[in-house]
Structure formats: structure tokens, C-alpha cells
Colleague: 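Below: one structure in C-alpha cells.
Since the model is a prediction, treat every value here as computed from it, not as a measurement. In what follows, chains carry the letters A, B, and so on, assigned in the order in which the sequence lines appear, proteins first and then strands, with residues in each chain numbered from 1.
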Number of protein chains: 2
Amino acid sequence: MPKVGMEPVRREQLIKATIESVAELGLQGTTINSISKKAGLSSGIISHYFGGKQGLIEATVRYLLSNLKVELMAKAGPNTSPEQRLMYIVEANFALVQQRKDTTRTWLSFWAQSMHDPELHRLQNVNSNRLYSNLASSFRQLMSVENAKRAAQLSAAMIDGLWLRAVLSQSDTDQFKHSEELAKDYVRSLISQYGA
Amino acid sequence: MPKVGMEPVRREQLIKATIESVAELGLQGTTINSISKKAGLSSGIISHYFGGKQGLIEATVRYLLSNLKVELMAKAGPNTSPEQRLMYIVEANFALVQQRKDTTRTWLSFWAQSMHDPELHRLQNVNSNRLYSNLASSFRQLMSVENAKRAAQLSAAMIDGLWLRAVLSQSDTDQFKHSEELAKDYVRSLISQYGA
DNA sequence: TTTTATTAATTGAACGTTCAATAAAAATAA
DNA sequence: TTATTTTTATTGAACGTTCAATTAATAAAA
């Protein structure tokens with residue numbers, strides 16, 4: 001069976017199986033067996049490539065965060081207007097849903113766990129701060145520093161809140177799309193409210 | 001040791017120990033041992049009063065939800081103005097934090113788990129819908145049905161979002177207070193935006 | 001004494017980790 | 001080319017631990 005250069009393939013295979021398992025069974029219900037079974041591999045392979053279950057969990061979070069980052073950078077270029085850039089930020093934060101429905105549930109599970117896991121908490125903070133910074137620097141081009149900070153704080157909360165309620169109510173893709181529109185409207189209203 | 005009528009005492013004792021344990025160790029790390037140790041009781045007592053761990057978990061969620069309900073009803077009376085009532089709703093949703101710092105973390109853990117536990121999901125939905133209804137009926141007295149629905153949806157998301165970000169960033173009481181003020185400001189801005 | 005309340009000990013299932021064994025591929029030598 | 005050795009990839013059984021649940025024993029109150 002063994003071919004060379006399997007490592008990147010297996011790593012991705014196992015990370016995707018982890019996302020599926022956590023979405024389906026929760027972080028509590030996810031075991032080394034549930035993951036390896038989904039991946040069609042043996043349980044031992046997890047320790048071999050990730051050192052253990054914890055290592056795979058953390059690699060999965062990094063994978064999700066990195067996808068979010070890529071999503072945003074792919075859309076916005078250097079000539080994007082501040083308004084358009086803000087819309088892209090909102091879109092990027094709702095985009096993962098469309099790609100993979102199960103991603104949203106997985107994300108929330110990791111959020112909850114981050115309160116009790118220092119490394120997960122660190123990763124989650126990086127992401128949270130990036131959302132805030134991205135918003136703040138775009139708003140800054142349209143309003144004062146103080147107002148930009150406030151607008152960034154409020155729209156970050158609105159994005160997370162709409163997203164959270166959509167996940168928890170087990171909404172379909174259409175409802176996520178609706179939430180995305182509400183978030184965009186809100187960002188626009190902040191611009192016209194504080195905008196110079 | 002055995003005295004009669006211990007049941008309500010023990011039940012509350014165990015529920016409070018559960019809140020503490022979940023806040024400290026997470027839902028994953030919480031065992032019947034960690035709970036019973038915190039309560040200063042034996043582990044067997046949990047099965048005796050709650051049928052098992054799952055029963056205690058669900059009772060704890062009901063306890064938290066019931067507290068939230070009581071919090072709101074205690075403040076608002078029949079003569080409360082719609083504006084004032086809306087402020088009370090916001091306050092009630094941030095109030096649990098001030099009482100017990102650990103409650104917030106516990107709440108988020110239960111939220112995440114509700115995606116994989118039908119009974120928890122049911123309870124969480126009841127609560128989510130109540131927040132929405134309370135907001136919508138108060139907004140209704142100040143604006144059209146359509147606008148009231150929209151305002152309720154947006155302010156519910158804003159409350160949850162601000163609350164979530166405060167919990168995840170492990171904020172202190174002052175920052176929760178600040179988030180509460182932001183939520184109130186937002187509700188006021190919705191009134192002046194849509195208000196007749 | 002009987003009932004109620006509680007503990008302490010025990011059980012068995014489930015879990016993550018480890019590791020010896022194996023199989024295929026690649027590298028080297030004949 | 002063919003034969004041999006080495007490396008890489010993977011498996012799955014065994015081990016020790018942890019957990020929830022159960023059971024029997026105990027202690028106090030009625």
C-alpha cells in the first residue's frame with residue numbers, strides 16, 4: 001500500500017474527517033475511532049501524523065482559520081474601495097458555510113472548547129482580532145478613529161451574533177444568505193451614520 | 001447524616017456544583033466525580049437525584065434558563081414603557097454575568113452541546129424564541145410589524161454577539177458592563193431609526 | 001424497627017496511546 | 001535485469017486509564 005509522499009494527502013484526509021465527525025457527533029462524541037473510520041484509515045495513523053488526538057484537533061482549527069484568511073485575501077485587492085472591502089469581510093465570514101455546511105457546527109464546538117484549551121484560545125483570539133482589525137482599518141478610511149473603532153466593534157459583534165443564531169437554529173443555506181444580507185445592511189448603516 | 005426533605009437542598013447544591021465544574025473544566029472535562037467533589041457529596045448521589053449525569057446536565061440548563069426568565073419578570077411591570085422594557089430585556093441578558101462570573105462560560109458550553117443533544121436544543125430554542133418575542137412585542141408598540149420584526153432580529157443578534165465576544169475574550173465585569181451599554185445604545189438607535 | 005439519605009466499593013464499557021508486525025515502494029547491488 | 005536491502009507507510013491488537021452507573025453497606029431520623 002505505501003506510496004511515498006502520502007503525508008500531505010493523509011493530513012488533509014484526517015483533518016476533513018475531523019471536521020465531519022465534530023459536526024456530526026460534537027467534540028465530546030468525536031473519538032480517534034470515529035475520525036479514522038470516516039477517513040477510511042486506521043486509528044494508529046493519527047498519532048503517527050499528528051502526535052495524538054489533541055494535535056489533530058489543533059491542526060483542524062488552524063486549517064479552518066487559514067481558509068477564512070484565504071477567503072478574504074482572494075476577494076479584496078489593493079484597489080478595492082473601503083465600502084467594497086467591508087462587504088468582502090462580511091462575505092468571507094459567511095462564506096465557509098456555503099462551501100461546507102458542517103463547518104459551522106464544527107467552528108462553534110471549537111469556540112466553546114477554546115475557553116478550556118490555551119492553544120485553541122490563542123488561535124481563536126488571533127482570528128477575532130483579525131476580524132476587528134480588518135473592519136477597523138476599512139472603517140477608518142471613512143470616519144474618525146474613534147468612530148471607526150466603535151463601528152468595528154459593533155459590526156464584529158453583529159456578524160458573530162447573526163452567525164451564531166443561524167448555526168444554533170440549524171438554519172439552511174438560504175437563511176445564512178439572509179443573515180449575510182442583514183450584516184451587510186448594518187455595515188452600510190454604520191457608514192452612513194458615522195461617515196464623514 | 002440523613003435528614004428529611006434534603007431533596008431540594010441537594011438538587012440545588014449539585015446544580016451549582018455543575019455550573020462551577022463546567023465553567024472551570026468545560027463540558028468535556030466535567031465528570032460526576034468533579035461535580036460531586038465540588039458539592040462535597042458522593043458521586044452516587046447524582047444518579048439518585050437526577051437519574052444520571054445527563055439528567056443533571058439538563059436540570060442545570062433549565063435552572064439557568066429559569067433564572068433568566070425570573071430576572072426579566074422581576075424588573076418589568078405592567079406599566080413599564082416599551083423603551084424601558086427593552087432596556088430591561090438587555091439588562092436581564094447581561095445580568096447573569098454579574099451574579100456569577102462562571103455562568104457565562106457554562107452557558108456557552110451548553111450552547112455548543114445543544115447542536116448534538118435534542119433536549120438541550122429544544123431548551124435553547126425556547127430561550128432564543130423568548131428573547132426574540134420579548135423584543136418584537138416591545139418594538140411593535142413603537143413601529144410597524146415589519147420593522148419590529150427586523151429590529152427584534154437585529155437586536156437579538158447584537159446582544160448575543162456582544163455577549164459571545166465578551167465571554168470568548170475572557171473579559172472582566174467592566175467589559176461586560178461596556179457591552180451592555182453598547183447593546184442598549186443599539187436598541188435606542190433602532191427605535192429612532194424605525195420608530196413612528 | 002423501618003424508612004430515608006448517603007457513601008464507598010465495584011463493574012464494565014469506552015477511550016487514547018503505544019508498539020510490534022507487515023506490506024509496499026524505493027534504493028542499491030549483483 | 002534481477003535480487004537484496006532499506007525506507008516509508010500503515011495496521012490493529014494490547015495496555016492502562018477514566019468514566020458513568022450500579023450495588024451493597026451504613027448511618028441517622030422517624
Colleague: Which part of the nucleic acid, if any, lies within contact of B:Ile46, taking any heavy atom under 4.0 Å across all strands shown: a base, the sugar-phosphate backbone alone, or nothing?
Modeller: nothing
Colleague: Can you list, in residue-number order, the parts of residues 114-124 of chain A that come under 4.0 Å of DNA chain C, counting heavy atoms only?
Modeller: none
Colleague: Please report the closest heavy-atom contact between A:Tyr132 and A:Gln153, naming both atoms and the distance.
Modeller: CE1-N, 3.9 Å
Colleague: What nitrogen or oxygen pairs link the protein and nucleotides 24-26 of chain D at under 3.5 Å?
Modeller:
none

Colleague: Given side chains that start at C-beta, do those of B:Asp117 and B:Glu58 come closer than 4.5 Å, heavy atoms only?
Modeller: yes
Colleague: Between C1' on D:dT8 and CD1 on A:Ile45, what's the gap in Å once rounded to a whole number?
Modeller: 10 Å
Colleague: Could you please spell out the steps behind the salt bridge (Lys or Arg N to Asp or Glu O under 4.0 Å) verdict for B:Glu146 and B:Arg150?
Modeller: CA-CA 6 Å; B:Glu146 282 312 303; B:Arg150 192 182 170 89; over 6 Å; no
Colleague: Using a strict heavy-atom distance below 4.0 Å, which residues from residues 13-38 of chain A are in contact with DNA chain D?
Modeller: none
Colleague: Side chains of A:Asp172 and A:Gln175: does their closest heavy-atom pair fall under 4.5 Å?
Modeller: yes
Colleague: Could you check if a side-chain atom of A:Val145 sits within less than 4.5 angstrom of a side-chain atom of A:Lys149, using non-hydrogen atoms only?
Modeller: yes
Colleague: State, yes or no, whether a side-chain contact exists between B:Asn93 and B:Trp163 at a heavy-atom distance under 4.5 Å.
Modeller: no
Colleague: Which residues in residues 48-58 of chain B have a heavy atom closer than 4.0 Å to any atom of DNA chain D?
Modeller: B:Gly52, B:Lys53
Colleague: Taking atom types as modelled, is there a side-chain donor on A:Arg10 or A:Gln13 under 3.5 Å from an acceptor on the other?
Modeller: yes
Colleague: Side chains of B:Gln193 and B:Asn147: do they bring a donor and an acceptor to under 3.5 Å?
Modeller: no
Colleague: For the residue pair B:Ser114 and B:Leu123, establish whether any side-chain heavy-atom pair is separated by less than 4.5 Å.
Modeller: no
Colleague: How would you list all residue pairs meeting side-chain hydrogen bond (donor to acceptor under 3.5 Å, both in side chains) that involve residues 37-49 of chain A, not counting sequence neighbours?
Modeller: A:Glu24-A:Lys38
Colleague: Return the pairing partner of C:dT28 with a 3.5 Å limit on both distances, Watson-Crick or G-U wobble; otherwise return none.
Modeller: D:dA3
Colleague: Please name all residues satisfying side-chain contact (heavy atoms from CB on, under 4.5 Å) with B:Glu83, sequence neighbours left out, ordered by chain then number.
Modeller: B:Ser81, B:Leu142, B:Ile191
Colleague: Using a strict 4.0 Å threshold on nitrogen-to-oxygen distance, state whether A:Lys177 and A:Glu181 make a salt bridge.
Modeller: no
Colleague: Can you name the one residue among B:Gln124, B:Gln54, B:Arg62 that meets side-chain hydrogen bond (donor to acceptor under 3.5 Å, both in side chains) with B:Glu119?
Modeller: B:Arg62
Colleague: Roughly, in whole Å, what's the span from CZ in B:Arg10 to C1' in C:dT4?
Modeller: 12 Å
